[in-house]
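Here is how names work: the chains are called A, B, and so on, in the same order as the sequence lines, proteins then strands, and each is numbered from 1. Hydrogens, waters and symmetry mates play no part in the numbers below; they use all other heavy atoms, side chains included. Quantities reported herein were computed from a predicted structural model and do not represent experimental measurements.
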Amino acid sequence: MERIPILKMGEFLLVTIQVDMHDRLALALQDDLTQRIVDTSARGVLIDISALDVVDSFIGRTLGNIAAMSRILDAETVVVGMRPAVAITLVELGLPLHGVRTALDVEKGMGLLRKAVAGRRPGDGYRAQ
Amino acid sequence: MDIERSEVIRVTSSEDVVRIRQLVREWAIRSGFNLVEQTKIVTGASEIARNTVNHGGGGTLLVEAVNNGSRRGIRLTFEDKGPGIADLELAMKDGYSTGGGLGLGLGGAKRLSNEFEISSRPGEGTRVRMTRWK
Amino acid sequence: MSKLPDVLKRREAGILTEWLRELKQSAGLRGLPPNLEETCRAFLVQLAQASRNGNLTDIGKPEWNEMRHLLEELSVSRARQGDTPSETAGFVFSLKQPLFAAIRDEAKNIEEMAGETWMASRLLDSLGLYTTEVHQKGREDIIQRQQAEMMELSTPVVRLWEGILALPLIGTLDSERTQTVMESLLEKIVETGAAIAIIDITGVPTVDTLVAQHLLKTVAAARLMGADCIISGIRPQIAQTIVHLGVGLGDVITKASMADAFSLALKRSGYSLIRHQPENA
């Protein structure tokens, strides 16, 4: 089965989703990412969805789950590059993804991750939100 | 109401859900919908297609380019012969889910369309019809 | 079989001269439109051609296609010059007198004259009315285009600073306009990479539930894209309405004035304002 590649950049993991994901592929990404966070002790995950022209409730929920799971594993997640039409549709759908950090592009997302990681005190892994 | 074009597609696997997203996008573009409207139609289709696969055990999608004289639109009809839905009112509520999801599928798809009809009988299957007008 | 085509053929020059005289006499303050003679000549040619092919009672038939096309162009250009529909139709009706005169001269007897005149009159009536129809449609198109232009004019997304956009909304917001405005704001956010957008509603007299919801949805959508919105300029009445309507503004940042919003936006972007010289020093 095809997999979405995960790149390691220093203490961060970078995922660029470039295909229209079917549900099993989205779940596989969730498995792979959580595994890689543990394997590499990553402090942050950046998911670039600028190529996606549809994010339905399943993909949206998977993104939310990834953010929540990585937080438990002591890594911050930032989703970047969501298109306006996708954002409007997600809001209409009733999925505003509270609890997921977002940024306009990869560069701003990286900045946000660095700031978030620097601002965390050690041992502050899980915070209820 | 006039039906300008129509097509029937199988909805049986999660790959079909992706294919339906692409196909419905093409239909929406050909009917002249703008980008935001296209995205809403495609997303609504994706929600219901997933339900058809996961809860209805697969079924069909009928895509139609329609025209009511003054406006053009797209009508999507999903049909399955699955177990059906016992309590439709409950199923339409946000947060109600039997599939382990957020339960936004039906309610969300309704919000993304202009007209939304659902009929279902336990043991016989479910039919969802949604229309979006330009 | 009507004699109209023959009359038109034999008398073309005379009819044209008389028609032009008629038109010049009835010309209003705007004077005669350009290419008048050309238009008249083309009209007569089409009239002769189409009537030779038969049907004189139904101008919807294919042999009248070119004539209809000519009238459409005429109506559209006249509408643009500001002519009224009756002025445009009057152009066609003014052909009656010269044409009837020609029919009278060519007719062999009184029955033929009456029959041909009646036929020609009905034909010119339907052609004249057709220009009115097209005229009306042309007007509607103009109105629609102007509405679209106004819509664009009313969505001025401006860049206040590096990374800070402002959308000053003015006038009544209906739900359709709000939607268009908001979509263009989100597009602009992507285009400019601005992480903060100020939506200023100082110029908006009232806000209803639907509009308030659109505003909130926009703020939520912008957040999903990675940008923050600040809503400024909420009038006291609007604040009251929002509370009475029970529309929760949730965690949306609001500021009383655009100045306050801008100063917050600068601060969030890491800028600080310092006055180097005290005033009145």
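Residue contact with chain B, scored on non-hydrogen atoms closer than 4.5 Å, is absent for A:V19.
In terms of heavy-atom pairs under 4.5 angstrom with chain B, the leader among A:G60, A:P84, A:A85, A:G64 is A:A85.
Within 6.0 Å of the NZ atom in A:K108, the count of heavy atoms belonging to other residues, nucleotides or ligands exceeds 12. Summarising the local packing, CD of B:E4 is surrounded by more than 12 heavy atoms from other residues, nucleotides or ligands at distances under 6.0 Å. Under a cut-off of 6.0 angstrom, the local environment of NZ in B:K81 is sparse, with at most 12 non-hydrogen atoms contributed by other residues, nucleotides or ligands. Crowding of B:R121 atom CZ: a count of heavy atoms from other residues, nucleotides or ligands under 6.0 Å not exceeding 12.
Within the structure, the side-chain hydrogen bond (donor to acceptor under 3.5 Å, both in side chains) test picks out the following pairs touching residues 77-96 of chain A (sequence neighbours left out): A:S70-A:T77, A:E92-C:K217. Applying the salt bridge (Lys or Arg N to Asp or Glu O under 4.0 Å) test to residues at least two apart or on different chains, the pairs with a partner in residues 23-34 of chain B are A:D53-B:R25.
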Report all side-chain donor-acceptor pairs from residues 9-21 of chain B shorter than 3.5 Å, counting only partners two or more places apart or in another chain.
| from | atom 1 | to | atom 2 | distance (Å) |
| --- | --- | --- | --- | --- |
| B:R10 | NH1 | B:T12 | OG1 | 3.3 |
| B:T12 | OG1 | B:D16 | OD2 | 2.8 |
| B:S13 | OG | B:E15 | N | 3.3 |
| B:S13 | OG | B:D16 | N | 3.2 |
| B:E15 | OE1 | A:R24 | NH2 | 3.1 |
| B:E15 | OE2 | A:R24 | NH2 | 2.7 |
| B:D16 | OD1 | B:R19 | NH2 | 2.5 |
| B:D16 | OD2 | B:T12 | N | 2.7 |
| B:D16 | OD2 | B:S13 | N | 3.1 |
| B:R21 | NE | A:D20 | OD1 | 3.1 |
| B:R21 | NE | A:D20 | OD2 | 3.4 |
| B:R21 | NH1 | A:D56 | OD2 | 3.4 |
| B:R21 | NH1 | B:S46 | OG | 2.9 |
| B:R21 | NH2 | A:D20 | OD1 | 2.7 |
| B:R21 | NH2 | A:M21 | O | 2.6 |

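Within residues 31-44 of chain B, the residues having any heavy atom closer than 4.5 Å to a heavy atom of chain A are B:L35, B:V36, B:T39, B:K40, B:V42, B:T43, listed by residue number.
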